[in-house]
Visitor: 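Below is the structure I would like to discuss, written out as structure tokens.
Computation of the quantities below employed the complete heavy-atom set of this structure, encompassing side-chain atoms and omitting hydrogens, waters and symmetry-equivalent molecules. Everything quoted here is computed from the prediction, not taken from an experiment.
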Amino acid sequence: MRWLPGVILFVLLLSTVAANPIPTDIWIKSEQDASPMPLNGSYPIYLKEEIIKVTFDSSEAHFRGRYTFKSLSTENITVEILFPFREKPRGLKVKDGDMEIEWRGVPINSSIFYDPLTSNIDGNPTGGYIVQLCMVFSLSFSPGEEKTVKIEYRRDYMIYDSSLNTEIVYRFDYIIGTARAWGRPIDHALFEFKIPSSMYTSGLKGFEVRREFGYVVAKVEYRNWTPEDKYLTVRWEEVKVGAVVRMFSPILIPITVIIITIVALAIYRRRKKYSMKRNLAKE
């Protein structure tokens, strides 16, 4: 019976190493949104604060953004601000306080797209963003005034189900590199993502993670921040335990039967041997 632990170890190893491989960089439905940009780099305003909160369900990302802009001008000014999107979001609402702001959509092939998507105001390249349209709106500022704009919408996000239906990979991309176009650091930036606990097994590297009321919450926060990366990516996995068990059951069931049979035979032989010894002792 010395080899029995080896058989059990083999079964355990079989169930752990035979996992289905998944891509490390998936772009299926990986649509990007972006931090706001100035339509004209000479505007004397900057992005002071950016607070992003996204709640996921099984098919959509529900986005809520709060952006605070500050005027550095000593005069009254009106500026235009643009938000790049890869695809038009659903249910888009833009508010200045409680007042809805009128906005217009501009396709990427319009002349409105000059340098911001390929360089910042210092001329350093930031390009490679995949966007197809921009939402553009105007804001009026009195000298030194701050204004907070709230944006809400829904959109799809990347959901990749493995070919064996044992693991789902989720991914959400948000372009942060566009915020460099303001030419100065963001005083405060907060990103928070809420994932239903039933959809989460592992992942969320680079975030502070906590559990809260049926959700897994991933958070990252910055002060005096100039984004160095192009994207902020939220990526996690869900292992479907039932599917894994079903996938391995054709292998595990016969092996389990064999192990049970071996153990039963070992117990039977031990008892038989013990019984024979007792009979010999009586004789």
Side-chain angles (χ1 to χ4, degrees), residues 31-57 60-108 110-114 116-117 121 129 131-157 172 174-176 178-194 219 221-223 225 227 232:
E31 300 158 355
Q32 295 100 28
D33 311 327
S35 295
M37 303 163 58
L39 187 57
N40 186 324
S42 64
Y43 285 153
I45 67 169
Y46 76 100
L47 178 60
K48 181 178 180 179
E49 185 175 55
E50 178 176 19
I51 297 178
I52 305 300
K53 295 187 177 182
V54 182
T55 301
F56 299 96
D57 62 26
E60 289 185 320
H62 299 256
F63 183 99
R64 289 183 297 137
R66 194 176 76 190
Y67 305 90
T68 299
F69 303 93
K70 182 175 176 60
S71 172
L72 302 175
S73 177
T74 58
E75 301 177 353
N76 294 329
I77 57 171
T78 298
V79 301
E80 286 194 306
I81 296 170
L82 60 86
F83 279 78
F85 292 96
R86 183 170 182 178
E87 292 187 2
K88 185 177 180 179
R90 295 181 287 276
L92 179 61
K93 295 181 180 179
V94 186
K95 291 185 176 181
D96 175 4
D98 294 326
M99 299 291 294
E100 288 208 21
I101 299 174
E102 291 187 7
W103 55 272
R104 68 184 192 275
V106 181
I108 193 170
S110 170
S111 59
I112 197 172
F113 277 93
Y114 53 105
L117 288 181
I121 60 174
Y129 302 122
V131 296
Q132 295 177 356
L133 59 89
C134 268
M135 175 189 68
V136 181
F137 59 86
S138 299
L139 285 180
S140 296
F141 293 83
S142 57
E145 184 181 10
E146 292 184 9
K147 282 198 172 182
T148 297
V149 173
K150 298 176 183 178
I151 293 182
E152 296 183 7
Y153 57 83
R154 308 183 317 277
R155 74 159 168 89
D156 297 333
Y157 66 104
F172 179 92
Y174 182 76
I175 301 173
I176 55 177
T178 51
R180 293 197 294 266
W182 296 98
R184 60 181 294 163
I186 301 172
D187 293 2
H188 176 229
L190 170 67
F191 302 91
E192 187 175 274
F193 305 92
K194 296 179 68 174
K219 171 186 169 184
E221 190 169 12
Y222 303 97
R223 303 279 180 181
W225 180 55
L232 177 66

Visitor: Look up atom CZ in Arg66 and atom CD in Glu50, then write down how far apart they are to the nearest 0.5 Å.
Guide: 11.5 Å
Visitor: Lys48: what forms a salt bridge (Lys or Arg N to Asp or Glu O under 4.0 Å) with it, not counting sequence neighbours?
Guide: Glu146
Visitor: Which is it for Ile51 and Glu49 under the side chain to side chain contact (heavy atoms under 4.5 Å, CB included) test, yes or no, and what are the steps along the way?
Guide: CA-CA 7 Å; Ile51 297 178; Glu49 185 175 55; 3.8 Å; yes
Visitor: Testing the basics here: between Tyr157 and Ala61, what is the closest heavy-atom pair and its distance to 0.1 Å?
Guide: CD2-N, 3.7 Å
Visitor: Which heavy atom in Asn76 sits nearest to a heavy atom in Pro143, and how many Å separate them?
Guide: OD1-CD, 3.1 Å
Visitor: Would you mind reporting whether Phe63 and Leu92 have side-chain heavy atoms less than 4.5 Å apart?
Guide: no
Visitor: So, using side-chain contact (heavy atoms from CB on, under 4.5 Å) as the criterion, who are the partners of Pro227 when residues are at least two apart?
Guide: Ile176, Ala179, Arg180, Trp225
Visitor: Tell me every residue that passes side-chain contact (heavy atoms from CB on, under 4.5 Å) with Thr78, counting only those two or more places apart in sequence or in another chain.
Guide: Ser138, Ser140
Visitor: When rounded to the nearest 0.5 angstrom, what distance separates CD1 in Ile81 from CZ in Phe69?
Guide: 4.0 Å
Visitor: With rounding to the nearest 0.5 Å, note down the distance linking CG in Leu47 to CG in Asp187.
Guide: 9.0 Å
Visitor: Check ring pair (Phe, Tyr, Trp, His ring centres under 6.0 Å) between Tyr67 and all other residues, then give those that pass, not counting sequence neighbours.
Guide: Phe83
Visitor: Can you label the angle between the Tyr153 ring and the Phe85 ring as parallel, tilted or perpendicular, going by 30° and 60°?
Guide: perpendicular
Visitor: State whether Arg104 and Glu80 are salt-bridged, where the test is any N-O pair (Lys NZ or Arg NE/NH1/NH2 against Asp/Glu carboxylate O) under 4.0 Å.
Guide: yes
Visitor: Begin from the C-alpha positions of Val149 and Val94 and carry the test side chain to side chain contact (heavy atoms under 4.5 Å, CB included) through to its verdict.
Guide: CA-CA 7 Å; Val149 173; Val94 186; 3.7 Å; yes
Visitor: Under the side chain to side chain donor-acceptor pair (under 3.5 Å) test, which residues partner Glu60, sequence neighbours left out?
Guide: Arg90, Arg154
Visitor: Would you mind reporting whether Ile186 and Tyr222 have side-chain heavy atoms less than 4.5 Å apart?
Guide: no
Visitor: Return the set of residues passing side chain to side chain donor-acceptor pair (under 3.5 Å) with Glu145 (not counting sequence neighbours), or none when no residue passes.
Guide: Ser142
Visitor: Tell me, please, which residues at least two apart from Lys219 pass salt bridge (Lys or Arg N to Asp or Glu O under 4.0 Å).
Guide: Glu221
Visitor: Which residues pass the side chain to side chain donor-acceptor pair (under 3.5 Å) test with Thr55, not counting sequence neighbours?
Guide: none
Visitor: Looking at Trp182 and Met37, what are the two nearest heavy atoms and their distance?
Guide: CZ2-C, 3.6 Å
Visitor: For Glu192, what residues pass the salt bridge (Lys or Arg N to Asp or Glu O under 4.0 Å) criterion, not counting sequence neighbours?
Guide: Arg210
Visitor: Could you list the residues that satisfy side chain to side chain donor-acceptor pair (under 3.5 Å) with His62, not counting sequence neighbours?
Guide: Asp57
Visitor: With a 4.5 Å cut-off on side-chain heavy atoms, are Leu190 and Ile52 touching?
Guide: no
Visitor: What is the distance from atom CZ of Phe191 to atom CZ of Phe172, rounded to the nearest 0.5 Å?
Guide: 10.5 Å
Visitor: Could you walk me through whether Ser71 and Ile77 pass the side chain to side chain contact (heavy atoms under 4.5 Å, CB included) check?
Guide: CA-CA 8 Å; Ser71 172; Ile77 57 171; 3.8 Å; yes
Visitor: Taking atom CD1 of Ile151 and atom NZ of Lys95, what is their separation to the nearest 0.5 Å?
Guide: 12.5 Å
Visitor: Between Trp103 (side chain only) and Leu82 (backbone N and O only), is there a donor and an acceptor less than 3.5 Å apart?
Guide: no
Visitor: Is there a side-chain contact between Leu139 and Ile101 in this structure, where contact means two heavy atoms from C-beta onward sitting under 4.5 Å apart?
Guide: yes
Visitor: Taking salt bridge (Lys or Arg N to Asp or Glu O under 4.0 Å) as the definition, give me every residue that meets it alongside Asp96, ordered by chain and number, with sequence neighbours left out.
Guide: Lys147
Visitor: Say you draw a straight line from NZ of Lys70 to OG1 of Thr148; how long is it, rounded to the nearest 0.5 Å?
Guide: 11.5 Å
